[in-house]
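As a basis for the values below, the full set of heavy atoms in this structure was taken, side chains included, without hydrogen atoms, waters or symmetry mates.
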Amino acid sequence: MNSLKVAVTGIGILTSIGHNKEEVFQNMLDNQTGIGPIQSFDVQEFISQIGAEISSFQPSDHFTPEEQKGLDRCAQYAVVSIKEALEEARVDQTVEKTIGLAFGTCNGGLNSLEEQRALQELDLEKTRNYLFYQQGDAVAKYFGLTGPVITLNTACAASGNAIGYACDMIRHGFADVMIAGGSDSMSTSVYAGFNALKALNDQPCSPYNEQYGLSLGEGSAFLVLEPLEKALARDAKVYTVVEGYGLSSDAYHETAPQPEGQGIRKAVEMAIEQGNISKDEIDYINTHGTGTKANDPAELRGLRAYFGKQFDNIYVSSSKAYFGHNLGAAAAIEYATTLLALEQGLLPATLHFSQAREGCNHQKLVTNEMKSYKPKYFLCNNSAFGGHNSSILSKNVYHPAFSPATITTSSAEEKKRIGVYGYGTIHRLADHDGTLLSNLHQDSPTTFQLDFSLKEYNRSLYERRMNPLTQYSIAACDLALKNTSLSNIDNEQIGLVYGTSRGSLKSAEKYLGSILERGAGNASSVYFPDMVLNSTAGKLAKKFGIKGFSSSHSSGGIDGLQAILYGMTSILDGKQSTVLVGAGDERSGLSDEIDRAMNLQNSSYEIGEGSTFLLLADTKVAEEKGLDPIATIEGFGQAFSGQNDMDQTIQHAVEQCLQNANLSEDEIDFIFYHNNNVTDIDAFLQLKERLGHIPVYTLNHLCGYMESNGSLFHAQVALELLALPKEEQQSMIHAFGWPKNDLRTGLIITTSINGNSMAMAIRK
C-alpha cells in the first residue's frame, strides 16, 4: 500500500470556543469549554439543556443579503473557515487551476427545512438550501472552484472521510489542491433525536469519565491539502504530512458501535498499512470519544486489540469536551485542533475529567490540561451512526527527528487495472435477474415508480419498517453478488461505496412528522437513525457482512460515477481488492417538493427510482482465479462550474478522462449521457454536434431521471452492451440507430443540476 505524502498547508476553524484558529487554540490552552446553555431553541422538553453553540456569529458580518439567501447556516460556517484556510495557505487561484472541495456534513441544510415547520407547499429557496449536497456545491460556487466537488455524508466520520477522499484526488492527479473538512450547525430536530436516544449528558461531556453522555456542538473546520513536494517547493507552511487513512464499517448496528471496537481497529490498521510504518511508531491518538456509555470502552478495546501491550505507551485523549460533538464536522475540527496543539509541542486534553469509568481505564489518558509531548506519528479517529469509521495517520513535522530531507516518495508502483465482474439493478425496466438490456426497447412503462417488496424478493434480507431506498439497494446489491463471476468472496474483505443525493426522504418525513405532530420532546427514536444519509450504506454493510473500506456520499447527479471512482482508487491504493459500488433513489412527497425547488419538474423526463450495484475488482486478483472482466475501467475525469456553463464543464471532464485513460477521441465507439435536461439541454446538443462522429445517447427518456442512480444505470447498460456476442451486439446497435459495427470502448458522462460533471471510460 503506497503512502499519500500530502501536506496540510492551511487551517480554518469556527467553533463555540473561537471564530478563528488563534481564538480556538488560546481557549483550549486555557482549558475553556464552549459547552453551555442552549440559546437558539427551547430545550425545556429535553433531558439536557446544554450544547456547544457558536455565539456572536452574525451572517451580515460576512455575507451580503443576497449571499445569505443562497447559503444555509451550515454553508456560512464553511465559507468563513475556508477563507481563513486559503489565506494562510496562500493559494493562488490564477495559478492552481484545479482546486476541489471535499465537504463533510451530517445535517447538511436541515436548518432551512426546519425553519419552514412544514413538509408540504414548501418555500422554493429554502428547500433548495436543504439538500445535503447543496452545501458543498454552494461553497464551491462561492469560491469559484473547478475541480472535484463532493459531499461526504458518513455522519460523524464525514469530515475524516472528506480528508481521505481529498488525498486520493491529489494522489491520483484529479486535483492540484483540495479543500477538505466539514461543517454542521445546531439543529432542533437532531438535538431531539439524540434526546430520544437518551444519549445526551445534562453536564458538559467528559469522554471516558465516570459520568457518561455527549454534548452536541456546531462548527466548521477546513484544511488546504496539496502534494508535499509542491508545498516544500513554494516554501508553504506545512502543518503535517498525511501518510495514510482508513475507512471501515462495523456491519453491526445503526446507532451502537461494535462492542469490541472491531470497526475502528480495521480503519486504524488500514491507515497504518498505507503509511508503511510500524504501529510501534504511533505515540498519540485523538479518539472519537463521544462520552457515551457504548462508544468509549468499545473504541479503547479496539485500539488495545490492535496495538497490544504497545497501547500502554500511547497517549490518548478526546477533544469533544472543548467544543462538543460537532457531528459531520467533528473529525476535521478535532484534526485541525490537534495540529494547532502539536505546533506548540502539546497534546489536546479531555476536560471535566474526574475518574475513569469501567472499561475506560488507560494510564496515558491526557486529562484536564494539555500535556507537553511531541509524538512522531499520530492518529485521529472518528466513528458514526451507520457504523462508519475513519482514521487519519499523520507525521508530526514538529517532532525533533523530522526534516524535509527525510521525506521519501513512493517508488514506481505496478499499474493496476480495475475490472467490473458483476452488476444488478432494481428498476421498472429491470429483469428478475437484475439485467436491463433486453427490456430497454420494449414499450416504456406508464410510470417509473417502483412497486417492489424486499420481503417478497428475499424475506431474510428484510427488516420491519425498512424504507424503500434501503430495500431497493439491498436487492440490487444482492443481485450484483449473485451475478458476479467471482466466487468464494469473503464479504468481510469487500469494500462498499454508496451514493445517494437525498437518502430516504420517506424516513425523514416520518421522523420530522413526529416532531410536527407531537413536539420535539416526543421525536421518534425509531426513524431518527435514518435521518443520516449513510444509514442505507450501514444497513447494506450489516446485511451482507461487509466490513472493509466503506464510504457514502452525495453529489446531486453524479453519485453513481463518484462511487465507481472512489471504489477504484481504494483498489489502486491497495486498501481492498474487491469493492461493491452502488447508488439509489427513492420517490416521496418530500422528494417531489425538492424536485420542484430544483426545477426538475421542468425536465422532459419523468422522475424515476431504483438502485444499481457493480462489483469491481483488481484484474490481477481475478486473473489468478482464471476470470476475465466484463469490461475494464480505463479512466475518469471530473469538473465543476458553479456558473452552470455545462458545455465547458463537460469538455473539461471528457478531456481529463481521455488523458487519464490514455485514449484518443477516435477510440471512443459510443457515449451514454445521464442528463437532467434542465441545466444541460444546450450542453447535450453541443456535445452531439462537437462529437458528431460518435453516437451520443441518453437512456433517461426510457428509464426516467434518477438523480443518484442514473449514471450507474447507464454504466450497467453499457457493460451489458459490450458483453454481448457480436451478432446480438449488432442487433442492439441497430436498435439504437448507431452507425457502428462493433463496440469496444465507451464513455459514460453525467451532470448535476448544480454544475458538476464526470466522465468515465470503459473498455471491453
Side-chain angles (χ1 to χ4, degrees), residues 8-41 50-65 67-68 71-91 101 103-107 109 111 135-136 138-139 142-143 159 162 179-187 204 215-224 237 239 319-341 343-344 346 348 351 370:
V8 175
T9 56
I11 293 175
I13 189 166
L14 174 65
T15 75
S16 59
I17 59 170
H19 288 206
N20 55 59
K21 55 181 172 289
E22 285 78 17
E23 288 181 8
V24 168
F25 180 72
Q26 185 58 53
N27 282 317
M28 290 176 67
L29 196 60
D30 294 340
N31 302 319
Q32 296 298 306
T33 182
I35 303 169
I38 291 286
Q39 302 293 327
S40 59
F41 51 86
I50 60 173
E53 293 183 300
I54 297 173
S55 61
S56 305
F57 180 84
Q58 297 297 328
S60 58
D61 292 342
H62 306 277
F63 307 102
T64 67
E67 287 173 337
Q68 290 178 52
L71 296 170
D72 180 88
R73 191 89 161 180
C74 172
Q76 291 177 16
Y77 289 168
V79 168
V80 171
S81 56
I82 289 172
K83 279 183 177 179
E84 183 183 18
L86 287 173
E87 183 177 341
E88 179 177 45
R90 297 183 285 115
V91 173
L101 172 67
F103 191 104
T105 186
C106 189
N107 302 343
N111 293 149
Q135 310 312 304
V139 171
Y142 183 93
F143 288 102
S159 52
I179 301 163
S183 180
D184 263 318
S185 50
M186 192 67 78
S187 156
S215 299
L216 284 179
E218 62 178 348
S220 172
F222 282 84
L223 314 168
V224 174
K237 177 175 183 175
Y239 275 101
S319 304
K320 288 183 172 64
Y322 291 114
F323 29 67
H325 187 351
N326 304 121
L327 301 175
I333 289 174
E334 291 156 20
Y335 186 60
T337 50
T338 296
L339 295 179
L340 295 177
E343 183 181 14
Q344 303 302 319
L346 299 168
L351 300 184
M370 290 190 180

**Q.** Residues that Asp30 engages under side chain to side chain donor-acceptor pair (under 3.5 Å), provided they are two or more places apart
**A.** Gln26

Q: Test side-chain contact (heavy atoms from CB on, under 4.5 Å) on Leu351 and Asn31 and set out the steps.
A: CA-CA 7 Å; Leu351 300 184; Asn31 302 319; 4.1 Å; yes

Q) To the nearest 0.5 Å, how far apart are CZ in Phe41 and OG in Ser187? A) 7.0 Å

Q: Could you pull out all residues at least two apart from Glu53 that satisfy side chain to side chain donor-acceptor pair (under 3.5 Å)?
A: Ser40

Q) Considering only heavy atoms from C-beta outward, does the side chain of Leu101 approach that of Phe143 to under 4.5 Å? A) no

Q. Can you tell me how far CG of Leu86 sits from OG1 of Thr9, rounded to the nearest 0.5 angstrom?
A. 9.0 Å

**Q.** For the student: nearest non-hydrogen atoms of Phe63 and Gln68, plus distance
**A.** O-NE2, 3.3 Å

Q | Glu334 side chain vs Ser319 backbone, donor-acceptor pair below 3.5 Å | A | no

Q: Using the test salt bridge (charged side-chain N to carboxylate O under 4.0 Å, His left out), find all partners of Glu218 that sit at least two apart in sequence or belong to another chain.
A: none

Q) Which heavy atom of Pro348 sits nearest a heavy atom of Met370, and at what distance? A) CA-CG, 4.2 Å

(Q) Working note: Phe323 + Ile333, criterion side-chain contact (heavy atoms from CB on, under 4.5 Å); need CA distance, chi angles, decisive distance, verdict. (A) CA-CA 9 Å; Phe323 29 67; Ile333 289 174; 3.5 Å; yes

Q.
Once rounded to the nearest 0.5 Å, what's the spacing between atom CD1 of Ile54 and atom CD of Gln39?
A. 14.0 Å

(Q) Regarding Lys21 and Glu343, does a basic nitrogen lie under 4.0 Å from an acidic carboxylate oxygen? (A) no

Q | Nearest heavy-atom neighbours spanning Ile38 and Ile50 | A | CG1-C, 3.6 Å

(Q) If I take atom CG from residue Leu327 and atom CE from residue Met186, how far apart are they, to the nearest 0.5 angstrom? (A) 8.5 Å

Q. Considering all heavy atoms of both residues, which atom of Gly181 and which atom of Ala332 are nearest to each other, and what is their separation?
A. CA-CB, 3.7 Å

Q) How far apart are the closest heavy atoms of Phe222 and Ala78, and which atoms are they? A) CE1-CB, 3.6 Å

**Q.** Flag, side chain of Glu67 to backbone of Thr64, donor-acceptor distance under 3.5 Å
**A.** yes

(Q) Could you tell me if the side chain of Asn20 sits less than 4.5 Å from the side chain of Leu14, heavy atoms only? (A) no

Q: Kindly determine whether Tyr335 and Val8 satisfy side-chain contact (heavy atoms from CB on, under 4.5 Å), including the steps that lead there.
A: CA-CA 11 Å; Tyr335 186 60; Val8 175; 4.3 Å; yes

Q: State which residues pass ring-ring contact (aromatic ring centres under 6.0 Å, His included) with Tyr77; sequence neighbours excluded, sorted by chain then number.
A: Phe57

Q: Under the side chain to side chain donor-acceptor pair (under 3.5 Å) rule, collect the residues that match up with Ser215, sequence neighbours excluded.
A: none

**Q.** Check: Gln135 side chain, Cys74 main-chain N or O, donor-acceptor pair, under 3.5 Å
**A.** no

Q. What do you reckon, is CD of Glu23 surrounded by more than 12 foreign heavy atoms closer than 6.0 Å?
A. yes

Q: Spell out, as yes or no, whether a donor-acceptor pair under 3.5 Å connects the side chain of His19 to the backbone of Val24.
A: no

Q: Could you tell me which non-hydrogen atom of Asn326 sits nearest to which non-hydrogen atom of Asp184, and how far apart they are?
A: O-CB, 3.8 Å

Q) Are Ile11 and Tyr239 side-chain neighbours, meaning at least one heavy-atom pair lies under 4.5 Å? A) yes

Q) Within the side chain of Asn27, is there an N or O that forms a donor-acceptor pair under 3.5 Å with the backbone of Ile17? A) yes

Q) Ignoring hydrogens and geometry, is there a side-chain-to-backbone donor-acceptor pair from Ser81 to Ile13 under 3.5 Å? A) no

Q.
Apply side-chain contact (heavy atoms from CB on, under 4.5 Å) to residues Leu346 and Leu29 and explain how you reach the verdict.
A. CA-CA 9 Å; Leu346 299 168; Leu29 196 60; 3.6 Å; yes

Q: With sequence neighbours left out, write down each residue that passes side chain to side chain donor-acceptor pair (under 3.5 Å) with Asn111, or none if nothing qualifies.
A: Glu114, Ser185

Q: Output the distance between atom CD1 (Ile35) and atom NZ (Lys320), rounded to the nearest 0.5 Å.
A: 11.0 Å

Q) Within the distance-only criterion (no hydrogens, no angle test), does the side chain of Thr105 pair as donor or acceptor with the backbone N or O of Ser183 below 3.5 angstrom? A) yes

